Amino acid sequence: MIQPPTSIQQLANRAGELAGKTIAQIAAQFEDKIPSTLKRKKGWQGQLIEKCLGADSGNLSQPDFSLIDVELKTLPINLLGKVQESTYVCVVNINNRLGEQWRDSVVFHKLRHVLWVPIAKQGKDSLADSLVGTPFFWEMSEQQESIIRSDWENAMELISMGSIHQLNAGMGEILQVRPKAAHSRVVTDSIDEQGNSALTLPRGFYLRPQFTQSLLYQNLLVL
DNA sequence: GAATGATCATAT
DNA sequence: ATATGATCATTC
């Protein structure tokens, strides 16, 4: 068990050690068996990096490194540096904390300061050979915040009106809302437009790949 | 090929 | 049931 980092510098040092290593090299330190595919182990890579860096928040709704308030995100890319997937941020609070302010939201706290760890897959199924790129820190700028805040407020507005059924992945310039559940029959409590209790599919907030791609380009990726 | 909706594993 | 870690797979 690696201790949680007590300073940004300490985290930066640890993260820097990962650059240029393969997943196999990193997993070897923990004697972890590498899955042949992520098909049934979708969170495996992210959790491996968490272990290396000392993330201590478990599944609490707070940034991964609790002592320094930094969130960790792995960023799947290809060898050309192209982002391959959207980035999950957190669950959408559908029937809880309605009326909360942006700066008190989980989205804001998680995205305020993020350590991105790019991971490049070599081929179609070579997890072990995947290369870790140069990790980089990102602090949300005022301009970025205004867009993300607006995306968040628009989504929360619909939900508070009981119109979550109108929410779809096409909305939101940077932050979008998509299903987040074990399968499509899962339901969670919500309210309908008449204010009555209702059931709906759980949703999550995600960052569009276009946005994380721009962050990557701004940070001179070196593999 | 990108984007949306669906899904997988695990911890609490 | 709901939070974490996400990617898969079908549709557009």
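Here is how names work: the chains are called A, B, and so on, in the same order as the sequence lines, proteins then strands, and each is numbered from 1. Fair warning: this is a prediction, and the values are worked out from it, not measured in the lab. Note: hydrogens, waters and symmetry copies are ignored here, and every other heavy atom, side chains too, is used.
No donor-acceptor contact under 3.5 angstrom links the side chains of A/S130 and A/Q122, judged on distance only. With hydrogens and angles left out, the side-chain atoms of A/Q62 and A/S57 include a donor and acceptor closer than 3.5 Å. Using a 3.5 Å distance cut-off with no hydrogens or angles, the side chains of A/D129 and A/T22 do not pair a donor with an acceptor.
Rounded to whole Å, atom P of B/dC8 lies 16 Å from atom CD of A/E85. What separates CG of A/L48 from P of C/dG5 is a distance of 15 Å, to the nearest Å. The CD atom of A/Q45 sits 16 Å away from the C1' atom of C/dT4 (whole-angstrom rounding). In this structure, A/Q47 atom CD and C/dT7 atom C1' are separated by 13 Å, rounded to whole Å. Atom-to-atom, CZ of A/R185 to P of B/dA6 comes out at 10 Å; the value is rounded to the nearest Å. Atom-to-atom, NZ of A/K180 to P of C/dA1 comes out at 16 Å; the value is rounded to the nearest Å. Straight-line distance from the CZ atom of A/R203 to the C1' atom of C/dT2: 15 Å, rounded to whole Å. The nearest whole Å value for the distance from the CG atom in A/N59 to the P atom in C/dA1 is 17 Å.
Using a 4.0 Å heavy-atom distance criterion, A/E50 is classed as a sugar-phosphate-only contact. Note on A/G43: a base of the nucleic acid sits closer than 4.0 angstrom, heavy atoms only. Within 4.0 Å of A/T87, counting heavy atoms only, lies no atom of the nucleic acid at all. Among the atoms of the strands shown, none is found under 4.0 Å from any heavy atom of A/P209. No contact: A/Q210 has no heavy atom under 4.0 Å from any strand. At a threshold of 4.0 angstrom between heavy atoms, the contacts of A/A169 are confined to the sugar-phosphate backbone, with no base atom among them.
Side chain of A/R14 to main chain of A/L53: a donor-acceptor pair is present (N/O by atom type, distance under 3.5 Å, no hydrogens or angles). Checking side-chain atoms of A/N93 against main-chain N and O of A/N96 turns up no donor-acceptor pair under 3.5 Å.
Between A/K41 and C/dG5 there is no side-chain polar atom (N or O) within less than 4.0 angstrom of OP1 or OP2. For A/T74, a side-chain nitrogen or oxygen approaches OP1 or OP2 of C/dA6 to under 4.0 Å. Between A/K121 and the phosphate of C/dT7, there is no side-chain N or O to OP1/OP2 separation shorter than 4.0 Å. Proximity of A/R208 to the phosphate of B/dT4: a side-chain N or O atom is located under 4.0 Å from OP1 or OP2. Proximity of A/R40 to the phosphate of B/dA9: a side-chain N or O atom is located under 4.0 Å from OP1 or OP2. Here A/Y88 does not reach the OP1 or OP2 of C/dT7: none of its side-chain N or O atoms lies under 4.0 Å away. Considering only side-chain N and O atoms, A/Q176 lies under 4.0 angstrom from the phosphate OP1 or OP2 of B/dT4. Phosphate proximity of B/dA3 to A/S86: absent, as no side-chain N or O sits under 4.0 Å from OP1 or OP2. Remark: A/K39 is not in phosphate contact with B/dT7, judged by side-chain N or O atoms under 4.0 Å from OP1 or OP2.
Two residues are said to be in side-chain contact when any heavy atoms from C-beta on lie closer than 4.5 Å; A/E145 and A/F108 meet this criterion.
Between the base of B/dT7 and the side chain of A/K42 there is a donor-acceptor pair shorter than 3.5 Å.
Proximity note for A/H183 (side chain, C-beta onward) versus B/dA9, B/dT7, B/dA6: the nearest is B/dT7. Comparing B/dA11, B/dT7, C/dA6 by their closest approach to the side chain of A/S184 singles out B/dT7. You'll find that the side chain of A/T188 is closest to C/dT2, out of C/dT2, C/dT4, B/dA9. For A/Y206, whose side chain is taken as the heavy atoms from C-beta onward, the closest listed nucleotide among C/dC8, B/dC8, B/dA6 is B/dA6. Ranking C/dT4, C/dA3, C/dT7 by closeness to the A/R178 side chain, first place goes to C/dT7.
Residue A/G170 is the one, among A/G170 and A/A181, whose nearest nucleotide of DNA chain B lies closer to the 5' end (criterion: closest heavy atom).
A ring-centre distance under 6.0 Å is found for A/F211 and A/W138.
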